[in-house]
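Please read through the structure below; I'll follow up with questions.
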Amino acid sequence: MPSRAAAHTKGRASVLAALTATVLTVTGTPAFAAPDGGDPMNRAFARAAAEFDVPRDLLAAVGYGETRLDGHSGRPSQANGYGVMHLVSNPTNRTLERAAALTGKPLAELRTDTGANILGGAAVLRSYADKLGLDARDRDDIDAWYPAVAQYGGAQGPAAALYADTVYTFLATGLKAVVPGGERISVTSRPVAPEKGSLSTTDVRTQSPDYPSALWVPAHPNNYAAGRSAKIDKVVVHVTQGSYAGSISWFQNPTAEVSAHYVVRSSDGEITQTVRDSDTAYHARSANASALGIEHEGFIDDPSWFTDAMYRTSAALTKSLCDRYGIPKDRAHIIGHSEAPGNDHTDPGPYWDWTRYMELVGGDSGGGDSTDGLSFPSYATQQSGSTGAQVKAVQQLLNEQGYSVGAVDGSFGPATKTAVTAYQAARGLGADGVVGARTWTALLSAGATPSLQQGVSGDGVKRLQRSLTAALGSTVGIDGSFGPATVTAVRNYQTSRGLNADGVVGPGTWAALQTGR
């Protein structure tokens with residue numbers, strides 16, 4: 001690319017307005033001041049930026065767009081990407097191996113060490129800039145990096161533009177994040193007018209053929225089957241384990257052999273369709289032929305991805321699909337990936353608020369057995385500010401176990417938090433005042449510990465089924481009957497907790513449940 005003046009102000013305002021209108025908005029508040037160089041991730045960004053002459057804020061914005069700056073302890077994403085900078089190792093995108101060659105760092109270190117991972121991301125970005133012909137003066141102009149950023153996402157055409165536009169919106173609006181460990185990372189807002197090159201002609205606003213509110217970026221034909229072999233009768237909710245644009249890109253990868261009909265963005269609820277409703281996406285194994293799959297940007301262990309905008313636009317999509325195809329709006333037909341027969345996935349996980357989602361869809365949330373107020377198809381995290389039927393359940397259980405919350409009003413206020421914290425402290429659960437999976441499991445399983453096995457029934461079985469639902473993060477039918485499905489759930493729990501997997505609930509299994517294991 002020819003050298004160009006770093007100052008480039010003409011048209012910035014209009015480009016910024018267009019980006020903000022079509023891509024996500026991170027925050028309406030001012031960004032923090034320049035980061036404190038004493039913190040490890042800030043130091044890593046500063047070091048990598050200096051070593052490879054990549055703008056520090058650009059590097060941070062790319063990482064934020066990929067992972068929200070959470071390396072997930074070295075666990076891979078759906079596309080087999082690792083770390084804060086999502087260095088990828090799959091048949092068509094090998095930024096992890098490229099980073100190793102450029103930095104001399106071992107693959108294992110790049111996967112698990114945040115400093116090395118950020119250094120590797122900077123090295124890869126710089127290598128793309130060099131291939132594009134950016135000289136030292138170009139590299140000082142953050143707008144010149146747009147094609148390199150698009151290449152980093154590993155996509156082509158509209159998906160590449162979606163990816164790069166997201167990063168440049170972070171730069172335009174600024175961002176602030178608190179990463180695992182409590183360190184604060186910020187990017188200062190600025191006017192942007194990226195040099196898009198050939199991507200400037202890419203149409204990222206093509207309308208979905210089935211859902212007019214969505215964009216259309218088709219998956220590769222290898223990743224779905226044309227047509228259907230069964231009537232559409234369910235919607236399956238997924239979580240991407242990766243970024244929005246990255247997931248769309250992965251569905252375009254001919255080696256992926258996975259796809260979904262729709263992908264929903266976390267920040268603003270934007271939706272992209274990648275497979276026609278009339279075709280069979282590869283997303284839920286035995287349910288593929290009869291299901292529509294909706295992926296949601298994020299990671300199952302981080303509830304911050306599940307925003308109000310995401311819930312609302314996804315629920316509107318699900319409602320529309322149910323109306324169009326005659327799908328009942330209940331939890332038997334709107335299910336999580338973990339609930340689809342023959343699947344070993346756990347998404348959308350324990351933080352997905354099914355009660356809220358189903359209320360927005362306008363259907364039956366399976367909101368529990370109205371006679372007890374404690375039975376739900378999943379148990380969402382409850383904390384200060386939470387409201388609703390599940391808060392009432394927490395309050396009822398605490399009161400029954402001698403931890404007074406006062407009125408059972410469905411509002412998680414100071415009295416409820418105090419009671420939760422006291423309960424957690426007494427049981428060694430980590431006294432943070434937040435009712436997550438462990439605390440739910442302990443609360444729901446508290447009480448007598450009768451020996452239970454297949455064929456028995458009663459309230460003790462319902463208590464077991466509730467606690468297994470919370471512990472496993474997947475629905476166990478709460479009907480008070482110890483049938484084959486409950487046997488399977490018990491064995492899954494016993495196996496995952498290192499217990500004797502005999503499907504019989506004795507003292508050891510009760511003890512594990514009542515300590516929130």
Side chains of Glu183 and Asn42 only: does a donor on one sit below 3.5 Å from an acceptor on the other?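 Yes.
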Do Asp353 side-chain atoms and Ala380 backbone N/O form a donor-acceptor pair below 3.5 Å?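 No, because the side chain of Asp353 does not come within donor-acceptor range (under 3.5 Å) of the backbone of Ala380.
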Below 6.0 angstrom between ring centroids: does that apply to Tyr311 and Trp352?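 So the answer is yes for these two rings.
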Between Ser304 and Asp302, do the side chains contain a donor N or O and an acceptor N or O under 3.5 Å apart?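 There is such a pair (donor and acceptor under 3.5 Å, judged by atom type) between the side chains of Asp302 and Ser304.
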Side chains of Tyr244 and Glu270: any donor to acceptor distance under 3.5 Å?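 The answer is yes; a qualifying pair exists.
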Go through the steps to decide whether Tyr224 and Asn288 satisfy the test side-chain contact (heavy atoms from CB on, under 4.5 Å), and finish with yes or no. CA-CA 10 Å; Tyr224 67 92; Asn288 285 339; over 6 Å; no
A side-chain contact here means heavy atoms from C-beta on lying under 4.5 Å apart; do Gln390 and Thr355 qualify?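 Side chain of Gln390 against side chain of Thr355, heavy atoms only: contact under 4.5 Å found.
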State plainly whether the residues Asp210 and Arg276 are in salt-bridge range, i.e. N to O under 4.0 Å.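 The answer is yes: the pair qualifies as a salt bridge.
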When you measure from the side chain of Ser189 to the backbone of Gly174, do you find a donor-acceptor pair of N or O atoms at a distance under 3.5 Å?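 Checking the backbone N and O of Gly174 against the side chain of Ser189, no donor-acceptor pair under 3.5 Å is found.
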Residue pair Asp301, Arg75: steps toward the salt bridge (charged side-chain N to carboxylate O under 4.0 Å, His left out) verdict: CA-CA 12 Å; Asp301 59 355; Arg75 297 188 300 276; 2.6 Å; yes
Within the 3.5 Å criterion, strictly below it, is a donor on Tyr262 or Asp277 matched to an acceptor on the partner's side chain?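 Yes, Asp277 and Tyr262 have a side-chain donor paired with an acceptor closer than 3.5 Å.
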For Ala471, is there any backbone N or O sitting under 3.5 Å from a side-chain donor or acceptor partner on Thr441?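 Pair found, side chain donor or acceptor close to backbone of Ala471.
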Would you check, one step at a time, whether the test side-chain contact (heavy atoms from CB on, under 4.5 Å) holds for Asp70 with Phe299? CA-CA 10 Å; Asp70 184 342; Phe299 291 82; over 6 Å; no
Quick check for you: to the nearest 0.5 Å, what is the distance between Ile271 atom CD1 and Thr313 atom OG1?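 So the gap between those two atoms works out to 4.5 Å.
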Indicate yes or no for a side-chain donor-acceptor contact from Gln395 to the backbone of Ser411 under 3.5 Å, with no hydrogens or angles considered.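 Indeed, once roles are kept as given, a pair shorter than 3.5 Å links the two residues.
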Quick one, Val420 and Gln383 - any side-chain contact, counting heavy atoms below 4.5 Å?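 A side-chain contact under 4.5 Å is absent here.
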Under a 3.5 Å threshold, yes or no: a donor from one side chain and an acceptor from the other, between Tyr82 and Ser89?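 Side-chain D/A pair, Tyr82 to Ser89: absent.
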When you measure from the side chain of Ser77 to the backbone N and O of Gly81, does any donor-acceptor pair fall under 3.5 Å?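 Flag set: sc Ser77 to bb Gly81 pair under 3.5 Å.
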Say whether, by atom type as modelled, one donor and one acceptor occur between the side chain of Asn117 and the main chain of Arg111 under 3.5 angstrom.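 Flag not set: sc Asn117 to bb Arg111 has no pair under 3.5 Å.
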With rounding to the nearest 0.5 angstrom, report the OH to CG distance, Tyr211 to Leu317.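 These two atoms lie 5.0 Å from each other.
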Within the distance-only criterion (no hydrogens, no angle test), does the side chain of Asn223 pair as donor or acceptor with the backbone N or O of Asn253 below 3.5 angstrom?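 Yes, because the side chain of Asn223 sits within donor-acceptor range (under 3.5 Å) of the backbone of Asn253.
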Starting at CH2 of Trp145, measure out to CD of Glu195 and round the result to the nearest 0.5 Å.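 Interatomic distance, Trp145 CH2 to Glu195 CD, rounded to 0.5 Å: 14.5 Å.
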At what distance, to the nearest 0.5 angstrom, does CG of Asp143 lie from CZ of Arg190?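 Rounded to the nearest 0.5 Å, the CG-CZ separation comes to 9.5 Å.
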Answer yes or no: is there a donor N or O on one side and an acceptor on the other, between the side chain of Thr318 and the main chain of Ala315, under 3.5 Å?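 Absent.
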Rounded to the nearest 0.5 Å, how far apart are CD1 of Ile294 and CG of Leu321?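 If we round to the nearest 0.5 Å, Ile294:CD1 and Leu321:CG are 5.5 Å apart.
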With side-chain contact (heavy atoms from CB on, under 4.5 Å) as the criterion, how do Met310 and Arg265 come out once you've worked through the C-alpha distance, each side chain's angles and the decisive distance to 0.1 Å? CA-CA 7 Å; Met310 171 179 278; Arg265 189 159 61 190; over 6 Å; no
For Lys417, is the NZ atom crowded, meaning more than 12 foreign heavy atoms sit under 6.0 Å from it?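 Result for NZ/Lys417: open.
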Do Glu295 and Thr274 touch side chain to side chain, with heavy atoms closer than 4.5 Å?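 The answer is no; the side chains never approach within 4.5 Å.
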Does any donor atom in the side chain of Gln78 or Thr240 lie under 3.5 Å from an acceptor atom in the other side chain?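 Note: Gln78 and Thr240 side chains miss the donor-acceptor criterion.
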Does the gap between the ring centers of Phe170 and Tyr64 come in under 6.0 Å?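 That pair passes the under 6.0 Å test.
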Salt bridge check, Arg285 against Asp344: does any charged N sit closer than 4.0 Å to a carboxylate O?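 Looking at Arg285 together with Asp344, the answer is yes, because their closest N to O distance falls below 4.0 Å.
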Polar contact flag, side-chain donor to acceptor under 3.5 angstrom, Asp347-Gln241: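 Gln241 and Asp347 do not have a side-chain donor-acceptor pair below 3.5 Å.
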Quick check: does any side chain N or O of His72 sit under 3.5 Å from a backbone N or O of Gly74, one acting as donor and the other as acceptor?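 Here the side-chain-to-backbone pair does not exist.
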Identify whether the distance between the nearest side-chain nitrogen and carboxylate oxygen of Arg356 and Asp308 falls below 4.0 Å.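 Yes, this pair counts.
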Run the numbers on Glu297 and Ser243 for side-chain hydrogen bond (donor to acceptor under 3.5 Å, both in side chains), then give the verdict. CA-CA 6 Å; Glu297 180 185 30; Ser243 70; 5.0 Å; no
In Å and rounded to the nearest 0.5 Å, what is the OG1 to CG distance from Thr486 to Leu468?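 One gets 7.5 Å once the value is rounded to the nearest 0.5 Å.
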Do you know which two heavy atoms are closest between Gly227 and Thr280, and how far apart they sit?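 Shortest heavy-atom contact: O-OG1, 2.6 Å.
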Cut-off 3.5 Å, side chains only: do Ser290 and Lys234 have a donor facing an acceptor?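 There is such a pair (donor and acceptor under 3.5 Å, judged by atom type) between the side chains of Ser290 and Lys234.
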Closest non-hydrogen atom pair between Ala214 and Gln273, with its separation: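 Closest approach of Ala214 to Gln273: CB-N, 4.2 Å.
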With no hydrogens and no angle check, do the side chains of His238 and His296 hold a donor and an acceptor under 3.5 Å apart?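 There is no such pair between these side chains.
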Using the ring centroid of each side chain, check whether Phe306 and Tyr351 are separated by less than 6.0 Å.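 Aromatic pair excluded; centres sit 6.0 Å or further apart.
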Would a distance-only check, ignoring hydrogens and angles, find a side-chain to backbone donor-acceptor pair under 3.5 Å from His261 to Leu292?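 No; judged by distance alone, with no hydrogens or angles, the pair does not exist.
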